[in-house]
Number of protein chains: 2
Amino acid sequence: MATHGARGRSGGRPTLEEVAARAGVGRGTVSRVINGSPRVSDATRAAVEAAVAELGYVPNTAARALAANRTDAIALVVPEPETRFFAEPYFSDMLKGVGAELSETEMQLLLIFAGSDRERRRLAQYLAAHRVDGVLLVSVHADDPLPDLLAQLEIPAVISGPRSAAETLTSVDSDNYGGARSAVEHLLSRGRTRIAHITGRLDVYGAQRRVDGYREALRDAGYEADERLIEAGDFTEEGGAQAMKVLLERCPDLDAVFAASDVTAAGARQVLREAGRRIPEDVALVGYDDSAIARHMDPPLTSVRQPIEDMGRRMLDLLLAEIADRRPAVSRGLERPQEVLATELVVRTSS
Amino acid sequence: MATHGARGRSGGRPTLEEVAARAGVGRGTVSRVINGSPRVSDATRAAVEAAVAELGYVPNTAARALAANRTDAIALVVPEPETRFFAEPYFSDMLKGVGAELSETEMQLLLIFAGSDRERRRLAQYLAAHRVDGVLLVSVHADDPLPDLLAQLEIPAVISGPRSAAETLTSVDSDNYGGARSAVEHLLSRGRTRIAHITGRLDVYGAQRRVDGYREALRDAGYEADERLIEAGDFTEEGGAQAMKVLLERCPDLDAVFAASDVTAAGARQVLREAGRRIPEDVALVGYDDSAIARHMDPPLTSVRQPIEDMGRRMLDLLLAEIADRRPAVSRGLERPQEVLATELVVRTSS
DNA sequence: ATCACCTGTGGGAGCGCTCCCACAGTACCT
DNA sequence: AGGTACTGTGGGAGCGCTCCCACAGGTGAT
């Protein structure tokens, strides 16, 4: 029979010990029930669960973390200023995937920006203090020391894209090479031959792979590479606009643009319009990410869809597995998995 | 003399005890130095600091939280789905302000979405477990039980806008009434007389206050209220478009629209354009928030600027004060402050 | 000289858990 | 009958801190 509102004699929150007393069992047994150990009889478990409910018992996380040497928290680290995080749908989609998957567990997510030097120092402190069980690292640049710091501290980590072909950490990525190929092949099939490419930040490996895909698709179709059709962007709208200006100046005869992101394409579109080029009649435009702005753009933008939410989910799965593995057998020299998810070209009216 | 890389005999991280041994002092003294107590001689402090540096000591937060009964973490709770969080600049600006202020301290920020029932249950658990020292609550609806839960658990909290005129929790808000007045007075000064209003979610107190400001500005200018010129929106773009359609249908003679948010205004603009109304020639448009989209809109949108980042900063200040106060003297019946920050009308070409 | 009262310091107790060893009880073999 | 091997349970030890009491040694009043 439940005693309503039975808590709070001493004013504080109930402890394991109090639950044990109430249920007429030992501390260890309550702990076993709380943690779902199978080595508890059904009768005892029921009694403990009743006591927990009556007292409104909630475990003290600090005590648990101290005793068990874990935190039940993971960090999503974004090595960018907050501004970019909010400006680019990539990050929010990623967060959505991770969040969805995480809500299945008891783990807690910390969102950490490491854009400035100061923030990075804080993060290093934070990691040194082992305040998280694992780290998800998104959008890592080639020369970022963070992954190595993580490895050195032996903190489980998964990154959203390898830093190079020789990545040692676990990573989940989409098929940047294949995605770029499909975009270019699509433009070729539409009869375009002077196809320009506005790249992403080239210190991001994925951006390089997109350039590779662009180049090889053209080469395989029998076109000699024209390096003047390639201009570096940085995934931002301003960068896209800037690059588009340069390209129009340098190659006025271009008839298509493959941009390394949708926001880049948005910047390019603006410049194309100002230059009086019609989309897609004069210049076909293809973006990357298939984010919300691709659908809302005028005209709607053909784009390479990456399953970003799925990537987030998968990253979390791999991280949790790594955390769980670590616990018993200290990191056996298993090869780290490098997962690659397929992309899909979504054709709209801009091409 | 510093011994380089002096850590890690036992493989684990150094503890207070080890630092104490190294510095030749007691545990308590090291604790005092770490926590900045003044009751330590300069010589001792220097010795301890040297030992800390040599060993690379970082305090164990879990142990500290357990012993001191605090967590050094606060939560920013957003009672909305993540989607809205990312869609509305209001939230990200708020986060920016809070983040900036927080980086001055040792506190850690948790971003918690409580849009779905499931998320809310998780949050309740979380709060019951006292895993944060305080809570910042943004965008609270009138009937939200969260503030009362917080009060019941005696967790310090600050909300971003009062739930009603009789709010009991500490709050920081901008002057919604005055902001709305200034928008309407501006439109009146431009010679507009048939001024419509697309409201925000009316279960948000601030949205009601904007309606009040709108009504009273008109009344004070000698216009009788025409309720048909008011249509409810919900702060979203779709809501704005929907409301605009209704208004155009009902009052084709309107010559100005005051929208309760910039995104609402964006939705309205779309509908106005489709209906062939020119902005500002036929219909003047004023938004609220002065967010990035106001500047980028075509034509640039006149908008009421709220100092959202400042609000975030101020909320954090008040919360930290409340947390600090609570510690020694258990909540003396101090009246809770209700801060109101001024708004400013930013005139652009849409009006 | 005695007392009061500072400052600076050491270290015991205890925060609420998890881990693990010990052990009672039962079951099934020899 | 004794051995072996389970299952379920209780409770000690200890995680790394903070809090606070005790106390040494100095300083200045009486």
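Note: hydrogens, waters and symmetry copies are ignored here, and every other heavy atom, side chains too, is used. Lettering follows sequence order; numbering is per chain, from 1.
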Go through [options] for me and flag the one nearest to the [X] side chain.
X: Ser31(A); options: dT18(C), dT18(D), dG16(D); result: dT18(C)
X: Asn60(B); options: dT18(C), dT18(D), dG16(D); result: dG16(D)
X: Leu66(B); options: dT18(C), dC15(C), dG10(C); result: dC15(C)
X: Arg32(B); options: dG16(C), dC20(D), dG11(D); result: dC20(D)

Between [atom2] on [N] and [atom1] on [X], what's the gap in Å once rounded to a whole number?
X: Glu106(A); N: dT18(C); atom1: CD; atom2: P; result: 12 Å
X: Asp42(B); N: dT9(C); atom1: CG; atom2: C1'; result: 15 Å
X: Leu16(B); N: dG12(C); atom1: CG; atom2: C1'; result: 15 Å
X: Asn69(A); N: dG16(D); atom1: CG; atom2: C1'; result: 11 Å
X: Glu18(A); N: dC17(C); atom1: CD; atom2: P; result: 9 Å
X: Glu17(A); N: dG14(C); atom1: CD; atom2: C1'; result: 13 Å

Under 3.5 Å donor-acceptor pair, [X] side-chain atoms to [N] base atoms:
X: Arg45(B); N: dG8(C); answer: no
X: Arg39(B); N: dT9(C); answer: no
X: Arg27(A); N: dG12(D); answer: yes

Would you say Arg13(A)'s side chain and Ala129(B)'s backbone share a donor-acceptor pair under 3.5 angstrom?
-> yes

Counting N and O atoms only, with roles assigned by atom type, does the side chain of Gln338(A) sit under 3.5 Å from a partner on the main chain of Leu169(A), one being a donor and the other an acceptor?
-> yes

Please tell me if [X] has a side-chain N or O lying less than 4.0 Å from either OP1 or OP2 of [N].
X: Ser41(A); N: dT9(D); value: yes
X: Thr61(A); N: dC17(C); value: no
X: Thr29(A); N: dG10(D); value: yes

When you match Ala67(B) and Val30(B) each to their closest nucleotide on DNA chain C, which lands nearer the 5' end?
-> Val30(B)

Contact check, side chains of Gln108(A) and Asp72(A), non-hydrogen atoms, under 4.5 Å = no

Between Glu119(B) and Ser103(A), is any side-chain donor less than 3.5 angstrom from a side-chain acceptor?
-> no

Exactly one candidate in Thr15(A), Asn35(A), Val25(A) meets side-chain contact (heavy atoms from CB on, under 4.5 Å) with Val30(A); the answer is Val25(A)

